[in-house]
Amino acid sequence: MRKDGINRRTVLTGTSALGAASLLSGRAMAQAAAPASRPATSLPARGEFVVRGANVLSMDSAIGDLPSGDVHVRDGAIVAVAENVNAPGAQAIDGKNMICMPGFVDTHWHHWTTCLRPIIRQDDPKLTYFPVTFKTGLHFTPEDSYRSVRLGTAQALAAGITTTQNWAHNVRSPAHADAEMSAMRDSGIRGRFAYGNPLGDPDDKPMDIADLARAKRDWVGKDGMLTLGICSRNVDGSQGGTRGAISIEMAKKEWGAARDLGLPITLHTSGVDAIKTLTGTGLLGPDLQMVHPLGSTAEGRAELVKNGVSYSTSPIGEARRAGDIQFPEMLEAGVKMSMSIDHTTTYNCDCFVCMRMLYTLNIHRFGPKNTLTARRLVQLATIDGPRDLGFGDKTGSLTPGKRADLILIRTTDINLSSLGDPYEALVTMGQPDNIDTVVVDGRILRRKNQFMALDFEKVSRDAADSAASVKAKAKWA
Ligand SMILES: [Zn+2]
């Protein structure tokens, strides 16, 4: 019931809902608002189906690859993966000329910024990501946050991402937190919500720890669809554009509070050496994920391995920065790696391009000495992500007993036809448009490149309205 209450409050922040609410009161209002929260009605049911005759890339070493295999799913779980599965009564999904593999996993994405795409641009310093997100971010209502995360998660699903970490560094109130988590739930995607401070807050003002505890109580269920963590402000002296910079004392306070709640931490390392800053403080640990592997030293990487710290690389954005993306150095040192989109305001959500970027840059750096394989990159984009986010026992591979997060990729499209090695094809030639079907937790959310339940026209229109609204409130010149 508590969640229903949250949903209603979030929904009622919208202008149309407020208009309707003014005509209603009390019980009648609650009854009218409930359908708008949509969780029960907007997501397809978990049924029973078998993908038959697909080119299965299980990402499970015990199962391996099946050039023609079946994947049986029932009530959200993978029941069997084999060359032939006997499942009378299950709906058959033709997997012929399709690659069937685990969904992609994004491990850091600032979903709340997605709606700002009409304003942000890369080629004008006044209109790049940081100035625009900071100026408009101060004016976000919970409804704006909801709409932006709806657009971001819709885009993620369309690109075959079945798990995301929502790096929410503009939680302006408890209602904003609820709005972002409502949007994640309503999309049907699996994910972690990384709770952050509001943009513009003083660096010496701590995160709302009481609400973090409340969010954990209200939102983290046993179904494994949504987990919680925190996203920290920078600790290396850099403001990171807009995210703020905190002292080690403040990090100890905020991270300590998160850890007391059993919640993990994610941190950008865009400035000077964050690893060096944190070494010896007792703050490094296996529940810490760093973002953007640039500029580290061999000693720093050894420190990460010693403390079990992971690193998320966002290749498209990082390729625009000075210095090498240290993916190969991290792998060689033994750092746990994962892949992320970061944002989609100045580039597309495209896991194929993320993999291709790492592949290309590696070849650019090492030439014939390159040892990075296409298969390793597909592993990075699938099973490495859940291991980083703590979903490793639930998803990331097509393994009986795990939850059914999978995608079907058409190999008859012009860019993939005459398929050779599937890993090579995905990394060098794949594109999101090839993704025919997206399943999360056994729910078929997309089929034949179309959403099954999500009203994308509305999601898109709402996001555009929010962009115009925050732009006006920010008195954008
Ligand atoms: Zn980021």
Side-chain angles (χ1 to χ4, degrees), residues 104-117 120 122 128-134 136-137 140 145 148-149 151-153 155-156 159 161 163-171 180 184 191-200 207 229-246 251 264-272 274-275 288-296 309-323 325-327 330 337-351 353-354 357-358 380-381 385 388-389:
F104 293 122
V105 175
D106 155 76
T107 60
H108 133 257
W109 183 337
H110 310 272
H111 281 281
W112 74 268
T113 64
T114 312
C115 78
L116 298 173
R117 196 181 296 159
I120 296 173
Q122 187 65 30
T128 51
Y129 178 86
F130 286 119
V132 174
T133 54
F134 187 70
T136 57
F140 266 57
S145 300
S148 207
V149 177
L151 179 62
T153 49
Q155 187 179 9
I161 290 174
T163 298
T164 186
Q165 170 156 243
N166 181 7
W167 223 99
H169 67 289
N170 192 23
V171 177
E180 293 211 25
M184 293 174 74
R192 181 199 284 175
F193 179 70
Y195 195 117
N197 306 69
L199 281 183
M207 177 181 289
I230 65 163
C231 57
S232 174
R233 291 170 286 183
N234 290 8
V235 298
D236 54 12
S238 157
Q239 288 284 329
T242 55
R243 283 183 304 272
I246 56 173
I265 300 138
T266 174
L267 170 78
H268 279 69
T269 59
S270 311
V272 294
I275 305 169
L288 174 62
Q289 177 208 56
M290 292 185 170
V291 176
H292 301 317
L294 301 157
S296 71
V309 178
S310 66
Y311 237 119
S312 176
T313 176
S314 318
I316 305 176
E318 287 160 14
R320 294 177 180 175
R321 301 180 186 199
I325 300 173
Q326 296 180 315
F327 176 61
M330 292 288 169
M337 296 299 294
S338 64
M339 198 176 85
S340 55
I341 297 298
D342 199 350
H343 63 91
T344 55
T345 59
T346 57
Y347 50 80
N348 191 18
C349 169
D350 188 333
C351 292
V353 165
C354 287
M357 190 78 76
L358 289 173
L380 175 76
D388 183 8
L389 297 182

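Counting starts at 1 for both ligands and their atoms, in listed order.
- Taking backbone and side-chain atoms together, His268 has an N/O/S atom less than 2.8 Å away from the Zn ion (ligand 1).
- Looking only at N/O/S atoms, Asp342 comes nearest to the Zn ion (ligand 1) through OD1.
- Here His110 reaches the Zn ion (ligand 1): one of its N/O/S atoms is less than 2.8 Å from the metal.
- Atom OG of Ser340 sits about 6.5 Å away from atom CD of Glu318, to the nearest 0.5 Å.
- Applying the side-chain contact (heavy atoms from CB on, under 4.5 Å) test to Asn170 and every residue at least two apart in sequence or in another chain returns Trp112, Phe140, Arg172, Pro198, Leu199.
- With 3.5 Å as the limit, one finds no donor-acceptor pair spanning the side chains of His169 and Asn197.
- Among residues two or more places apart in sequence or in another chain, the side-chain contact (heavy atoms from CB on, under 4.5 Å) test is passed with Ser310 by Gln289, Lys336, Asp388.
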